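Have a look at the structure below before the remarks.
Chain identifiers are assigned alphabetically (A, B, ...) following the order of the sequence lines, protein sequences preceding nucleic acid strands; residue numbering begins at 1 within each chain. Since this is a predicted model, take the numbers as computed values, not measurements.
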There are 2 protein chains.
Amino acid sequence: MSGNWRPPSSTDVARAAGVSQSAVSRAFTPGARIAEATRARVMAAAEALGYRPNLLPKILQTNRSGIVAVVVGGFYNPYFAMTLEAFSRALTAAGRQMMLVRVDSDRILDGVVDQLAGYRVDAVVSALALTSQDAAGQLSKLRIPIVTLNSDLAGDWIRSVSSDNFAAGVAAARLLRERGGTRFGFVAGPADSPAQVAREAGFAHGLAELGLPPAMRAGGGYDYASGARAARDLFSSSDRPDALFCANDLAAFGVIDVLREDFGLTAPGDVQVVGFDNLDMAVWAPYRLTSFDQDVDAHVAVAMELLDLEAGATCVARTVPSRLVERESTRKGRR
Amino acid sequence: MSGNWRPPSSTDVARAAGVSQSAVSRAFTPGARIAEATRARVMAAAEALGYRPNLLPKILQTNRSGIVAVVVGGFYNPYFAMTLEAFSRALTAAGRQMMLVRVDSDRILDGVVDQLAGYRVDAVVSALALTSQDAAGQLSKLRIPIVTLNSDLAGDWIRSVSSDNFAAGVAAARLLRERGGTRFGFVAGPADSPAQVAREAGFAHGLAELGLPPAMRAGGGYDYASGARAARDLFSSSDRPDALFCANDLAAFGVIDVLREDFGLTAPGDVQVVGFDNLDMAVWAPYRLTSFDQDVDAHVAVAMELLDLEAGATCVARTVPSRLVERESTRKGRR
DNA sequence: CGAATGTGTGCATAGCTATTCACTCGCCAT
DNA sequence: ATGGCGAGTGAATAGCTATGCACACATTCG
């Protein structure tokens, strides 16, 4: 209708209710000193006008927006969806809002930092494989806390929470050995992912600890296609592995499908397969994948805790244990 | 360190650079009238102090935050991830931010509307199966445009963009008939989803148009388990269907897995299966699912356009055609 | 009855930026 | 020489809420 409409302000409500603007503010502030009758009159006027308090002036004064920025690199991996879901719940429960920022892998720093700083976000959560050290530095200068998931970024205002990726790698080696694996293979994730690196190192360490030769290696991505490619690479050679640890579930699915489809091999009879993430799909009939559960809720709980740490001096890094969920892509152990 | 630190303001920068606050503002405003030498001096001071313009005062005056709220019911369905990804891209390209809001299905209205209004979000995108008419009404009163995805909500400030669900249902019926289907089944989504209702109605219409008897029916959810249950229901009876249209891909995967696992049936030999959404997983080896592609990018493009429509008088509803992608869960047609 | 306490209300202000208005200064044209 | 003009700058202000301060009034107590 009118070109320059503006939402009703507390002053408008005050006028309508015949009170001062302060009274309106107090009516909407729990625990404020105001007569019940006045509050009722204000509320009636507010209801009639459709008034909602504007949060921005408060933010302007306190520099606390109640907004947490969550930075992700993409959504192709259902693991991100799980994380997002858990974060969303936790933030809502804490009365905060989530600003979702998607960046094309590398150049996070460009406009994004300016935007986040401009909106005065309370904190940044990065689910990025790798976060630009530069961007992190800029946020630190603005005293905006950063919580990093499965990354190894370090700095003054940076806290990190990770799975015990190395330990899981070791556990994978032990499990596969215990279940009768003899020739081991590792299906790698992207080289720039600290989680991938730690999982591989742990697996290698575990094998060495057991006196076994190092694993064959293929792959290089967290996606299905990368796993499929890895399986073709590994099984086209003469010396085929019979026990695989995959950097994540998505790659493991690709592996399993190619093994069955192209090579007529199934798990766990011909090859045992272990994944990482414990996606919903891990229970699906074609896979029934043994996998490490990252306990997303625990990750998020820790992250929420780290968000509100005020002192930025000490660099905090927390680890959340992952839990091995055995299904039928590995052989049964005695119980 | 200091308890009450505050980020540098334009006044701080002005003091440091020996100019007025106005000059600082102009230095950061493209196209503003300012001498190049002054701008350089301001920029140097800003850099030294780590100054970022605070966006809130501008928002306070213009009531345009640049924030679009995206409301979702959950992330379990990868289709939401696709939508989110596309929206995120589009909003970033338009220089806007996404506030992600997750609601527990029904009670959206509680605090959420207050929050969104309080932050002065420019618009709300709802990817919810059903949106509370009440919440929608409240947002309308605040003149906050709503764009609904695959929903049938109507009202003054509400615009909707949907797939041609009915037409797709008809097309599914024709395809399955043309490929030799004789006994038809429909695997339903949740009853409160307008998309589910339209797809089923279209399928029924298509069958009737071809002079075929109505389809058997099972299911009632958009998830894998629901599809699995539906398959068990349908194939435990004596009169088994040989052509299935599933309300979405996730359910279709459940169907296919149960058919293979529990009944030893495969697609397309024993049963033909058609899904909806064309998820990434539809190409996976165990499925190779024929499915309707919703063209997420087109949905989002239309939604972005509808977001900025100012006039709230006419109720806009746009439809985006879906595209049939044939894979190997249906038989080959002559080409 | 005076004082003290407590309750309820209004006034004024901080918080930060973009923008309008007014002003100065140097330069050109008449 | 003087009016006009454009460029560059600073002062002032709007936008909205929460809150500290002051004040008015009622109530209670010594």
Side-chain angles (χ1 to χ4, degrees), chain A residues 4-43 45-46 49-66 114-122 142, chain B residues 4-43 45-46 49-66 114-122 142:
Chain A
N4 45 4
W5 186 82
R6 107 192 131 63
S9 70
S10 57
T11 311
D12 297 333
V13 176
R15 192 168 17 241
V19 296
S20 74
Q21 180 267 329
S22 330
V24 177
S25 174
R26 279 191 267 260
F28 280 87
T29 307
R33 223 162 58 172
I34 187 171
E36 199 46 56
T38 312
R39 156 168 278 145
R41 215 164 61 248
V42 168
M43 285 309 192
L49 269 65
Y51 167 74
R52 314 275 160 159
N54 189 340
L55 298 177
L56 301 174
K58 179 84 173 285
I59 301 173
L60 197 51
Q61 301 200 51
T62 60
N63 282 311
R64 307 214 71 230
S65 61
D114 290 355
Q115 292 282 321
L116 298 183
Y119 284 107
R120 295 290 186 261
V121 299
D122 292 343
L142 295 162
Chain B
N4 47 5
W5 185 84
R6 105 191 132 62
S9 71
S10 58
T11 311
D12 297 331
V13 176
R15 190 168 18 239
V19 295
S20 72
Q21 179 268 330
S22 326
V24 178
S25 174
R26 278 190 269 259
F28 280 87
T29 307
R33 222 163 57 174
I34 186 170
E36 200 45 56
T38 311
R39 155 168 279 142
R41 214 164 62 249
V42 168
M43 284 310 191
L49 270 65
Y51 168 74
R52 315 275 159 159
N54 189 340
L55 298 176
L56 300 173
K58 179 83 173 287
I59 300 172
L60 197 52
Q61 301 199 55
T62 59
N63 281 311
R64 305 214 74 231
S65 61
D114 290 355
Q115 292 282 321
L116 298 183
Y119 284 108
R120 295 290 185 262
V121 299
D122 292 343
L142 295 162

Nearest 0.5 Å please: distance from the CG atom of Leu49(B) over to the OG atom of Ser10(B).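 Leu49(B) atom CG to Ser10(B) atom OG measures 11.5 Å (nearest 0.5 Å).
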Quick one: pull up CG in Asp12(A) and CD in Gln21(A) and give me the separation to the nearest 0.5 Å.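 Result: 10.5 Å between the selected atoms.
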Residues within residues 55-63 of chain A bordering DNA chain D, heavy-atom distance below 4.0 Å: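 Contacts with DNA chain D under 4.0 Å: Pro57(A), Lys58(A), Gln61(A).
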Hey, does the side chain of [X] come within less than 4.0 Å of [N]'s phosphate (OP1/OP2), counting only N and O?
X	N	answer
Ser20(B)	dT9(D)	no
Ser22(A)	dT9(C)	no
Arg6(B)	dC16(C)	yes
Tyr51(A)	dC16(D)	no

Nearest-nucleotide 5' precedence on DNA chain D, Arg120(B) against Glu36(B):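 Its nearest nucleotide lies further toward 5', so the answer is Glu36(B).
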Starting at [atom1] of [X] and ending at [atom2] of [N], how long is that distance when rounded to a whole Å?
X	N	atom1	atom2	answer
Asp114(B)	dT17(D)	CG	P	13 Å
Asp12(A)	dC16(D)	CG	P	8 Å
Arg15(A)	dT17(D)	CZ	C1'	15 Å
Ile34(A)	dG6(C)	CD1	C1'	17 Å
Gln21(A)	dA12(C)	CD	C1'	11 Å
Leu142(B)	dC16(D)	CG	C1'	16 Å
Arg39(B)	dT9(D)	CZ	P	11 Å

Is a side-chain N or O of Arg41(B) found less than 3.5 angstrom from the main chain of Ala17(B), in a donor-acceptor match?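 Indeed, once roles are kept as given, a pair shorter than 3.5 Å links the two residues.
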Taking Ser65(A)'s backbone N and O only, do any of them form a donor-acceptor pair with Tyr119(A)'s side chain (distance below 3.5 Å, no angle check)?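 Flag not set: sc Tyr119(A) to bb Ser65(A) has no pair under 3.5 Å.
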Which pair of non-hydrogen atoms, one from [X] and one from [Y], has the smallest distance, and what is that distance?
X	Y	answer
Ile34(A)	Ala23(A)	CD1-O, 3.5 Å
Asp122(B)	Arg64(B)	OD1-CA, 3.4 Å
Gly50(A)	Leu142(B)	O-CD2, 3.3 Å

Classify the nucleic acid contact of Val24(A) as base, sugar-phosphate or nothing, counting any heavy atom under 4.0 Å across all strands shown.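 Nothing, no heavy atom under 4.0 Å.
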Listing request: all salt bridge (Lys or Arg N to Asp or Glu O under 4.0 Å) pairs with a residue in residues 19-38 of chain A, at least two apart in sequence or in separate chains.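 Qualifying pairs, neighbours excluded: none.
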Between dG10(D), dC16(D), dT17(C), spot the one nearest the side chain of Ser9(A), thanks.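 In terms of side-chain proximity for Ser9(A), the closest of dG10(D), dC16(D), dT17(C) is dC16(D).
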Quick one: which protein N/O atoms are closer than 3.5 Å to N/O atoms of nucleotides 21-23 of chain D? Pair and distance per line, please.
none

Using side-chain contact (heavy atoms from CB on, under 4.5 Å), reason through Asn54(A) and Leu60(B) one step at a time and then give a plain yes or no. CA-CA 9 Å; Asn54(A) 189 340; Leu60(B) 197 52; 3.7 Å; yes
